[in-house]
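To start, the structure under review is shown below, and the notes come after it.
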There are 2 protein chains.
Amino acid sequence: MSSLHSHERLHEALPQAAFETALASLRARGERVTEGRRAVLRALAATSEHLTAEQVVSALESTDPGVHRATVYRTLDVLAELGIVSSVHVSGGANLYHLAASPAGHEHLHAHCRSCGAVVVLPADALDAVVERAHRLAGFRLEASQSTLVGTCARCDGR
Amino acid sequence: MSSLHSHERLHEALPQAAFETALASLRARGERVTEGRRAVLRALAATSEHLTAEQVVSALESTDPGVHRATVYRTLDVLAELGIVSSVHVSGGANLYHLAASPAGHEHLHAHCRSCGAVVVLPADALDAVVERAHRLAGFRLEASQSTLVGTCARCDGR
DNA sequence: ATGAGTGCAAAGTGTTTGCAACTAT
DNA sequence: ATAGTTGCAAACACTTTGCACTCAT
């Protein structure tokens with residue numbers, strides 16, 4: 001195998017690294033690390049896509065058949081609560097999940113296209129001013145990476 | 001009837017006025033004005049609360065019994081598409097709807113408390129900078145009043 | 001050992017659909 | 001006249017639940 005410390009820049013996150021980080025977060029919070037949770041995290045770490053709970057279930061069917069659908073839902077819920085995964089809330093449709101710290105190793109925001117359903121990623125700090133303002137005005141502690149902005153993506157807007 | 005042009009300031013929106021405005025928007029867009037749509041708009045105009053589709057269905061059961069559940073869903077969908085109503089997307093739960101221009105006659109944003117589910121209203125312009133930035137960075141046309149911010153409200157944060 | 005986590009299957013929500021009849025334009 | 005809307009009822013998609021059992025700690 002090639003050396004593990006060859007590059008400092010990781011444009012494409014190593015699934016392995018993201019996975020380990022997530023596990024560490026779990027332990028740090030005093031949460032138990034079970035096979036089901038490992039499996040869910042592995043599935044999320046393996047892609048940069050935003051997956052529905054049901055897609056995670058499907059993914060695990062081949063690799064980790066003992067993990068029940070209910071466990072996937074419960075696990076995603078816990079992970080979202082802890083901020084280890086962030087989720088995109090879509091009108092009517094299923095929530096989409098992925099590791100908060102992936103794919104490029106840092107947090108980010110989500111925007112959802114009402115027309116084609118695409119998820120557009122925005123810089124994590126785009127909401128910083130809003131976070132502060134919401135807190136001053138309403139005492140609201142806004143979690144930027146759990147919020148889903150809605151609109152029309154560039155592709156759909158151009159027609 | 002009293003004069004219709006007596007006051008220019010309408011701090012508390014007249015349900016009637018909000019209703020008429022919404023109807024006018026519908027017509028302006030070339031949409032048909034049916035009894036079902038009127039009923040849904042009346043229900044929304046009658047409250048400053050954020051209602052689920054099912055709550056609208058219930059409200060209409062007494063006042064407008066011929067209006068079917070499916071019509072309510074379809075109508076809310078159309079109205080949201082047109083921007084006449086804005087909706088709050090809640091993780092897992094049902095979407096909440098209300099007139100975009102109510103209750104104080106102007107647009108505004110929504111924040112949803114993950115802990116207690118409360119909907120907090122923020123000034124319409126809070127996302128202005130983000131709208132511009134999203135457009136510059138990603139060509140994304142962000143619809144602020146259709147976006148739901150997520151976090152913890154003041155009450156829940158204080159414990 | 002012990003309580004958090006899990007599998008299971010069923011029920012719960014929330015929403016959409018195909019189609020014939022209706023109606024606003 | 002006619003294309004958009006509706007009612008209907010069933011299907012659909014998504015998520016949660018209670019409980020007995022298991023396993024990570």
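The figures here come from the full heavy-atom set of this structure, side chains too, leaving out hydrogens, waters and symmetry mates. Proteins come first, then strands; the chains are lettered A, B, ... in the order of their sequence lines, and each starts at number 1.
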Exercise for the section: Describe the nucleic acid contact of B:Ala70 in one word from base, sugar-phosphate, nothing, applying a heavy-atom distance below 4.0 Å. Expected result: base

Exercise for the section: Verify whether one side chain among A:Asn95 and B:Ser91 offers a donor that lies under 3.5 Å from an acceptor in the other. Expected result: yes

Exercise for the section: Could you check how far CD of B:Glu54 sits from P of C:dG12, rounded to whole Å? Expected result: 15 Å

Exercise for the section: To the nearest Å, give me how far apart NE2 (B:His68) and P (C:dT17) are. Expected result: 15 Å

Practice task
Report the distance from atom CG of A:Leu79 to atom C1' of C:dG5, rounded to the nearest whole Å.
Solution key: 13 Å

Exercise for the section: Taking only the side-chain heavy atoms of A:Thr71 (C-beta and beyond), determine which of D:dT5, D:dT6, C:dG7 contains the nearest atom. Expected result: C:dG7

Exercise for the section: May I ask you to evaluate whether A:Thr34 reaches the phosphate of C:dT6, defined as a side-chain N or O under 4.0 Å from OP1 or OP2? Expected result: yes

Completion exercise
Between B:Leu149 and the options A:Val131, A:Val130, A:Thr148, the side-chain contact (heavy atoms from CB on, under 4.5 Å) test singles out A:Val130

Practice task
Ignoring the backbone of B:Arg32, work out which of D:dA3, C:dC8, D:dA9 is nearest its side chain.
Solution key: D:dA3

Exercise for the section: Please state whether the phosphate of C:dG5, meaning OP1 or OP2, lies under 4.0 angstrom from any side-chain nitrogen or oxygen of A:Arg37. Expected result: yes

Handout entry: Spacing between A:Asp77 atom CG and D:dC14 atom P, to the nearest angstrom
Key = 16 Å

Problem - First encountered from the 5' end of DNA chain C, between B:Val33 and A:Gly66 - result: A:Gly66

Practice task
Pick base, sugar-phosphate or nothing for A:Glu35, based on heavy-atom distances below 4.0 Å to the nucleic acid.
Solution key: nothing

Exercise for the section: Return the value, rounded to whole Å, for the distance between atom CG of B:Asn95 and atom C1' of C:dG14. Expected result: 9 Å

Handout entry: Ring centers of B:His112, B:His50 separated by less than 6.0 Å
Key = no

Practice task
Between B:Ala53 and A:Val78, name the one whose nearest nucleotide on DNA chain C is closer to the 5' end.
Solution key: A:Val78

Problem - Atom-pair distance (CZ on A:Arg38; C1' on D:dA24), nearest Å - result: 9 Å

Exercise for the section: State the CZ-SG distance between B:Arg141 and A:Cys113, to the nearest 0.5 angstrom. Expected result: 9.0 Å

Handout entry: Distance (rounded to the nearest 0.5 Å) between B:Leu76 CG and B:Ile84 CD1
Key = 11.5 Å

Practice task
Answer yes or no: does a side-chain N or O of B:Tyr73 lie under 4.0 Å from OP1 or OP2 of C:dT16?
Solution key: no

Handout entry: Integer-rounded Å distance: C:dG14 P and B:Gln55 CD
Key = 9 Å

Problem - Length of the line joining B:Arg27:CZ and C:dT25:P, which is rounded to integer Å - result: 6 Å

Practice task
Decide yes or no, distance alone: a donor-acceptor N/O pair under 3.5 angstrom between the base of D:dG4 and the side-chain of B:Arg74.
Solution key: no

